[in-house]
Amino acid sequence: ELGFADSDRYAGRVLSSKFVGKNSRKKAALVKDHKMSEIVVGVKPDMVIPGATYSLKEAYDQCREVCAENSKTFYLGTLLMTPERQRAISAISVWCRRTDELVDGHNASHITPAALDRWELRLEDLFAGRPYDMLDAALSDTVSRFPVDIQLFKDMIEGMRMDLKKSRYENFDELYLYCYYVAGTVALMTVPVMGIAPESKATTESVYNAALALGIANQLTNILRDVGEDARRGRIYLPLDELAEAGLTDEDIFNGKVTDKWRNFMKIQIKRARMFFRQAEQGVTELSQASRWPIWASLLLYRQILDEIEANDYNNFTKKAYVSKAKKLLSLPMAYGKSLISPSTHAQPEPQSMTL
Ligand SMILES: CC(C)=CCC/C(C)=C/CC/C(C)=C/CC/C(C)=C/[C@@H]1[C@@H](COP(=O)(O)OP(=O)(O)O)[C@]1(C)CC/C=C(\C)CC/C=C(\C)CCC=C(C)C
Ligand SMILES: [Mn+2]
């Protein structure tokens with residue numbers, strides 16, 4: 001038996017901890033009470049930025065292009081969003097991708113903690129309405145329209161600092177923290193943009209917890225898909241204690257042989273990722289009506305990567321699990337059907353423990 005019992009052990013942990021401050025709760029309450037208009041600054045996306053050689057429309061168009069190029073699965077989901085949400089999500093997504101590229105991209109070997117500190121100063125500037133470039137300008141506009149907390153972006157940069165320092169995770173607690181930094185944050189950033197349904201009686205906290213679970217589920221899936229690729233960069237994003245319990249070592253990962261021990265280990269990891277997806281599901285139903293279809297679509301699409309790992313007989317060392325275009329398109333009507341389920345109209349009981 002593994003050292004984790006259920007995903008609820010992790011639910012609420014980040015929200016009630018130092019990672020998401022009071023400010024975020026206040027903003028979350030505003031989202032819930034639909035007072036967002038009070039904090040929305042009336043900047044038109046087609047306005048020309050004084051002193052700049054581009055318009056906001058061009059800035060957002062460029063974000064959209066970068067998204068289409070780099071985050072294909074999520075991009076398909078964004079196409080189902082209202083134009084205003086689509087713009088905001090593409091600006092957030094591009095900032096996340098650029099942040100990740102600092103430690104994963106072509107110049108990664110030159111990136112130092114000081115460079116990440118400078119990236120953080122630039123973030124503060126764009127939140128203060130002083131964007132450095134066109135892509136920052138789009139995000140600067142987005143954060144003036146939606147109550148997104150800067151701390152989440154800072155936490156994501158913290159995840160990149162972790163990537164610079166660390167290439168092994170002793171146990172799932174350590175891995176969970178990494179997943180929060182690089183992906184849970186992304187999910188929490190999107191909630192104020194997606195909005196909670198006015199008729200929903202779910203607590204704001206439960207919706208944020210579901211979003212967090214979806215971020216974690218996505219990142220665990222990403223990790224399980226990329227085991228071989230990461231190992232070739234000397235990185236293992238798998239809990240070492242669980243590997244040892246399965247009779248596996250670092251060397252087994254670097255050798256990349258699919259054995260029964262590996263299959264058994266992978267089955268448990270896939271089960272855990274699915275558990276986080278399940279935990280996220282109820283939260284999607286509480287989102288505003290127009291946001292449910294795109295989020296269901298991205299959940300179903302990303303979760304299918306786990307099915308593909310199984311279909312590849314757990315060879316994630318040399319085969320990249322890939323969901324075909326046909327399967328992606330087939331998921332869209334299914335996601336649409338799920339988006340028709342109404343939000344809860346009475347207070348929800350505490351979620352049941354989900355055991356593996
Ligand atoms: C209530 C409820 C359920 C609300 C929904 C909340 C929500 C939208 C959750 C989804 C959050 C999400 C998209 C998380 C991304 C997780 C992820 C895969 C992160 C990756 C990090 C780094 O890992 P790695 O280096 O291993 O990855 P690569 O091999 O390099 O790919 C990321 C790469 C961080 C960067 C993430 C993005 C660029 C994607 C951001 C996408 C969005 C903001 C779009 C969200 C839109 C939809 C339709 C889900
Ligand atoms: Mn990356």
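Keep in mind it's a predicted model, so treat the numbers as computed, not measured. Both ligands and their constituent atoms are indexed starting at 1 by order of listing.
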Relative to the ring of [Y], is the ring of [X] parallel (under 30°), tilted (30 to 60°) or perpendicular (over 60°)?
| X | Y | value |
| --- | --- | --- |
| Tyr169 | Tyr178 | tilted |
| Trp262 | Phe317 | tilted |
| Phe276 | Phe172 | tilted |

Any carboxylate oxygen within less than 4.0 angstrom of a Lys/Arg side-chain nitrogen, looking at [X] and [Y]?
| X | Y | value |
| --- | --- | --- |
| Arg235 | Asp104 | no |
| Asp226 | Arg233 | no |
| Lys57 | Asp141 | no |
| Glu242 | Lys271 | no |

What protein heavy atom is closest to [atom], reported as residue, atom name and distance in Å?
| atom | result |
| --- | --- |
| atom 6 (C) of ligand 1 | Thr190 OG1, 3.4 Å |
| atom 5 (C) of ligand 1 | Ile295 CG2, 3.7 Å |
| atom 42 (C) of ligand 1 | Ser93 CB, 3.8 Å |
| atom 35 (C) of ligand 1 | Cys96 CB, 3.8 Å |
| atom 30 (O) of ligand 1 | Asp100 OD2, 3.1 Å |
| atom 12 (C) of ligand 1 | Asn218 ND2, 3.5 Å |
| atom 45 (C) of ligand 1 | Ile89 CG2, 3.9 Å |
| atom 48 (C) of ligand 1 | Met81 CE, 3.4 Å |

For the Mn ion (ligand 2), the closest N/O/S atom belonging to Asp100: OD2

N/O/S atom name from Asp104 that is nearest to the position of the Mn ion (ligand 2): OD2

For ligand 1, which atoms, with element, lie under 4.0 Å from some heavy atom of [X]?
| X | result |
| --- | --- |
| Val207 | 1 (C) |
| Gly283 | 1 (C) |
| Val182 | 19 (C), 21 (C), 34 (C) |
| Ser71 | 38 (C) |

Proximity flag Tyr302 to ligand 1, non-hydrogen atoms under 4.0 Å: yes

Ligand 1 contacted by Glu101 (non-hydrogen, < 4.0 Å): no

Arg64, CZ: over 12 other non-hydrogen atoms inside 6.0 angstrom: no

For [atom], the option (of [options]) bearing the nearest heavy atom:
| atom | options | result |
| --- | --- | --- |
| atom 24 (P) of ligand 1 | Ile223, Asn222, Val284, Thr221 | Asn222 |
| atom 34 (C) of ligand 1 | Met156, Gln219, Arg97 | Met156 |
| atom 29 (O) of ligand 1 | Asp226, Leu220, Leu287, Asp104 | Asp226 |

Side-chain donor/acceptor of Thr78 to backbone N/O of Tyr75, under 3.5 Å: yes

Shortest non-hydrogen separation from Ser288 to Met194 and the atoms involved: OG-O, 2.6 Å

Ser298 contact mode with ligand 1 (heavy-atom cut-off under 4.0 Å): side chain

Within-4.5 Å side-chain heavy-atom neighbours: Glu281 and Trp296: yes

Path from Val227 to Phe254 over hydrophobic side-chain contacts below 4.5 Å: yes

